[in-house]
Asker: 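Right, I'll just put the structure down here and ask away after.
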Amino acid sequence: MTDLFATHTDLTVAGGPVRLYRGGDTGPPLLLLHGAMLDTAQGVWRGVAAELSADSRVHLIDLPRHGGSRPWRGVLDDAFYGRFLDELLDALELERVALIGLSLGGGVATSYALRRPERVSALLAVGPGGLGAKRQAQFLTWLFMRTPGALRLTTRYLARRPEAIRKSMTANLVEGERTRDFDDILRLATEEAVAKERHGELALDDWQIHSYGPFSMRLNLLPELPRLAVPALWVRGDRDPLVGHAELAAAAEAAPGSRLVTMPDAGHIVTYDRPDEFTRLAREFLTSALDPRRS
């Protein structure tokens, strides 16, 4: 199939630069939102975007302060992303779109589907953030985030220690260095670390930082899910160390008509560990969710 990432379009959305990739000529529109830290569209979606474009008009962006979407000013928290997605869909001339989001992108997509259901046709959230009242090591994580200079030092460390990125990725991928396209995945993550230092960015995204309180999460979408008004699928890798089964099981129970699929032999970034299986699952879900007979 055509390499979706061979060409791109640079937009200005909500006052900042956004890099856009597209694929597919027919079918319903689909927007893919990647995760935080060293994630980019080319990295996270490289193994699934082309297949998804077979029956969808796929739109992929580098989220603000990632990949080609730099530089950005201001606080990019959950409220920002609501405005940002409104303006992005307007710029793409899309009234409604199906959302697939991973990690931070899954949390952003879930929040947007709750607040703007008229613009979302379906939601597929993979290991999403923003669910649950409390995280493991809640206070210590919050304290680290608030320690002056800690996140900038982390950025510098990752940019200047590519071996640390390799070690982390090897440990967190089920197949380690045998993962498909591992060298390309590692290269993109390393380039992202260097870009973060060059642009003076924090190691974590504002969305993550502002979601945390010292003793509980400031952003917890779980109590709102009973009013989710779009078809939803929750996906988790069975070896995900960041998002637990309990949170996503609670989300599937709370959101009307939704369900949870746990993918075996997959970690947090399911699209790296099981790209083919994820693509099949996503296409099946979208075919069912967007069936006009559901209306």
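We're numbering straight along the sequence, starting at 1.
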Asker: Dump the intermediate steps for salt bridge (charged side-chain N to carboxylate O under 4.0 Å, His left out) on R70 and E192, then the final yes or no.
Answerer: CA-CA 11 Å; R70 288 182 165 100; E192 184 66 8; 2.7 Å; yes
Asker: Take W45 and T271 through the test side chain to side chain donor-acceptor pair (under 3.5 Å) and record every step on the way to the result.
Answerer: CA-CA 7 Å; W45 307 118; T271 53; over 6 Å; no
Asker: Before you tell me yes or no, could you show the steps for D39 and I269 under side chain to side chain contact (heavy atoms under 4.5 Å, CB included), namely the whole-Å CA-CA distance, both residues' side-chain angles and the distance that decides it to 0.1 Å?
Answerer: CA-CA 10 Å; D39 285 2; I269 306 183; 3.9 Å; yes
Asker: When the ring planes of F215 and F139 are compared, do they come out parallel, tilted or perpendicular, using 30° and 60° as the limits?
Answerer: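 Plane angle under 30°, so parallel.
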Asker: Any chance you could measure M169, atom CE, to L38, atom CG, to the nearest 0.5 Å?
Answerer: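 Separation between the atoms: 8.0 Å.
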Asker: Inspect the surroundings of CZ in R259 and state if more than 12 heavy atoms from other residues, nucleotides or ligands are less than 6.0 Å away.
Answerer: no
Asker: Give, for atom CE of M217 and atom OG of S211, the distance between the pair rounded to the nearest 0.5 Å.
Answerer: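 One finds 5.0 Å between CE of M217 and OG of S211.
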Asker: Take W207 and Y212 through the test ring-ring contact (aromatic ring centres under 6.0 Å, His included) and record every step on the way to the result.
Answerer: CA-CA 9 Å; W207 191 93; Y212 264 82; 9.8 Å; no
Asker: Are more than 12 heavy atoms, taken from residues, nucleotides or ligands other than E118, located less than 6.0 Å from that residue's CD atom?
Answerer: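 Result for CD/E118: enclosed.
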Asker: Test salt bridge (charged side-chain N to carboxylate O under 4.0 Å, His left out) on R218 and D78 and set out the steps.
Answerer: CA-CA 11 Å; R218 291 195 175 109; D78 190 60; over 6 Å; no
Asker: Taking the side chain as C-beta and beyond, is there a heavy-atom pair between I185 and D183 under 4.5 Å?
Answerer: no
Asker: Please name the pair of heavy atoms, one in L76 and one in P64, separated by the smallest distance, quoted to 0.1 Å.
Answerer: CD1-CB, 3.6 Å
Asker: Quick test of your reading of the model: are R160 and E197 salt-bridged, counting only N-O distances below 4.0 Å?
Answerer: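 Yes, charged N to carboxylate O under 4.0 Å.
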Asker: Between E247 and R135 (salt bridge meaning N to carboxylate O under 4.0 Å), is one present in this structure?
Answerer: yes
Asker: Return the set of residues passing side-chain hydrogen bond (donor to acceptor under 3.5 Å, both in side chains) with R161 (not counting sequence neighbours), or none when no residue passes.
Answerer: none
Asker: Taking all non-hydrogen atoms of both residues, which atom of G67 and which atom of D62 are closest, and how far apart?
Answerer: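 For G67 versus D62, the nearest heavy atoms are CA-OD2, 3.5 Å.
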Asker: Please say yes or no: joined through hydrophobic side-chain contacts below 4.5 Å, possibly via intermediate residues, are V270 and F285 part of one cluster?
Answerer: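 Linked within one cluster.
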Asker: Under a 4.5 Å cut-off applied to non-hydrogen side-chain atoms, are R280 and E51 in contact?
Answerer: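 Result no, sub-4.5 Å side-chain heavy-atom pair not found.
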Asker: Applying side chain to side chain donor-acceptor pair (under 3.5 Å) as the test, list every pair that has at least one member in residues 94-103; sequence neighbours left out.
Answerer: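 Found S103-H268.
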Asker: Please step through side chain to side chain contact (heavy atoms under 4.5 Å, CB included) for the pair R283 and L52, ending with a clear verdict.
Answerer: CA-CA 7 Å; R283 292 176 73 181; L52 291 174; 3.8 Å; yes
Asker: Please find the pair of heavy atoms, one from S258 and one from A251, that lie closest to each other, and give the distance.
Answerer: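 Closest approach of S258 to A251: OG-O, 3.8 Å.
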Asker: Spell out, yes or no, whether L102 and V174 are grouped together once hydrophobic residues are joined by side-chain heavy atoms under 4.5 Å, including indirect joins.
Answerer: no
Asker: Mark yes when over 12 heavy atoms from residues, nucleotides or ligands other than H199 sit less than 6.0 Å from its NE2; otherwise mark no.
Answerer: yes
Asker: Could you give the distance from CD1 (I61) to CG (L11), rounded to the nearest 0.5 Å?
Answerer: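 It is 9.0 Å, given to the nearest 0.5 Å.
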Asker: Say whether, by atom type as modelled, one donor and one acceptor occur between the side chain of D205 and the main chain of M37 under 3.5 angstrom.
Answerer: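 Such a contact is found between D205 side chain and M37 backbone.
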Asker: Quick one: do Y157 and F144 end up in the same hydrophobic cluster if we chain Ile, Leu, Val, Met, Phe, Trp and Tyr together by side-chain heavy atoms under 4.5 Å apart?
Answerer: yes
Asker: If you count heavy atoms of other groups shown closer than 6.0 angstrom to CD of E177, is the number above 12?
Answerer: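 More than 12 within 6.0 Å, yes.
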Asker: Mind running side chain to side chain contact (heavy atoms under 4.5 Å, CB included) on S53 and L4 for me, showing each step along the way?
Answerer: CA-CA 9 Å; S53 71; L4 274 67; 4.2 Å; yes
Asker: Quick one: are H59 and L92 in side-chain contact, heavy atoms under 4.5 Å?
Answerer: yes
Asker: Counting distance only, does the side-chain N/O of R22 pair as donor-acceptor with the main-chain N or O of V58 below 3.5 Å?
Answerer: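 Answer holds: no.
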Asker: If you count every heavy atom of other residues, nucleotides or ligands that lies below 6.0 Å from E93 atom CD, does the total exceed 12?
Answerer: no
Asker: Are Y21 and L188 in one and the same hydrophobic cluster, where Ile, Leu, Val, Met, Phe, Trp and Tyr link if side-chain heavy atoms are under 4.5 Å apart?
Answerer: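 Hydrophobic grouping puts Y21 apart from L188.
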Asker: Could you tell me whether the side chain of L151 reaches within less than 4.5 Å of the side chain of I209, counting heavy atoms only?
Answerer: yes
Asker: From T141 OG1 over to Q208 CD, what is the distance, rounded to the nearest 0.5 angstrom?
Answerer: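 Nearest 0.5 Å value for the OG1-CD distance: 11.0 Å.
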Asker: With heavy-atom distances below 4.5 Å as the criterion, would you say the side chains of P241 and N172 are in contact?
Answerer: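 Yes, side chains in contact.
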Asker: Under 3.5 Å, is there a donor-acceptor pair linking the side chains of T262 and D238?
Answerer: no
Asker: Within a 6.0 Å radius of atom CZ on R116, are there more than 12 heavy atoms belonging to other residues, nucleotides or ligands?
Answerer: yes
Asker: E191 and R187: salt bridge (charged side-chain N to carboxylate O under 4.0 Å, His left out), yes or no, with the steps?
Answerer: CA-CA 6 Å; E191 289 174 356; R187 174 182 56 80; 3.3 Å; yes
Asker: Would a distance-only check, ignoring hydrogens and angles, find a side-chain to backbone donor-acceptor pair under 3.5 Å from H34 to L63?
Answerer: yes
Asker: Can you list the steps and then say if Y81 with Y112 is a ring-ring contact (aromatic ring centres under 6.0 Å, His included)?
Answerer: CA-CA 8 Å; Y81 271 108; Y112 191 71; over 10 Å; no
Asker: Between R119 and V97, is any pair of side-chain heavy atoms under 4.5 Å apart?
Answerer: no
Asker: Heavy atoms only: give me the nearest L173-T179 pair and the separation to one decimal.
Answerer: CB-OG1, 3.5 Å
Asker: Of all heavy-atom pairs between V13 and A91, which one has the smallest distance, and what is that distance?
Answerer: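 Closest approach of V13 to A91, heavy atoms only: CG2-CB, 4.5 Å.
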Asker: Step by step, would you call L281 with L124 a side chain to side chain contact (heavy atoms under 4.5 Å, CB included)?
Answerer: CA-CA 10 Å; L281 176 66; L124 197 168; 5.6 Å; no
Asker: Please examine the side chains of D86 and L88, heavy atoms only from C-beta on, and report whether any two atoms are closer than 4.5 Å.
Answerer: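 Heavy-atom side-chain distance check fails, nothing below 4.5 Å.
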Asker: Looking only at heavy atoms, which two atoms of T110 and A125 are closest? And how far apart?
Answerer: OG1-CB, 3.9 Å
Asker: Which distance, rounded to the nearest 0.5 Å, do you find between the NE2 of H8 and the CG of L20?
Answerer: 9.5 Å
Asker: Give the intermediate values and the outcome of salt bridge (charged side-chain N to carboxylate O under 4.0 Å, His left out) for residues R46 and D184.
Answerer: CA-CA 10 Å; R46 62 181 297 108; D184 286 336; 3.3 Å; yes
Asker: Mind checking whether T12 and V18 have side chains closer than 4.5 Å, heavy atoms only?
Answerer: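 No, every pair of side-chain atoms sits at 4.5 Å or beyond.
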Asker: Give a yes or no answer on whether the side chain of S111 reaches the backbone of G107 with a donor-acceptor pair at less than 3.5 Å.
Answerer: no
Asker: Could you measure the distance from the CG atom of L89 to the CG atom of L94? Nearest 0.5 Å is fine.
Answerer: 6.0 Å
Asker: Side chain of K196, backbone of R156: donor and acceptor closer than 3.5 Å?
Answerer: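 The answer is no, because no donor-acceptor pair under 3.5 Å joins these two groups.
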Asker: Could R239 and D273 be called an ion pair, given the rule that one side-chain N must be under 4.0 Å from one carboxylate O?
Answerer: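 No, this pair does not count.
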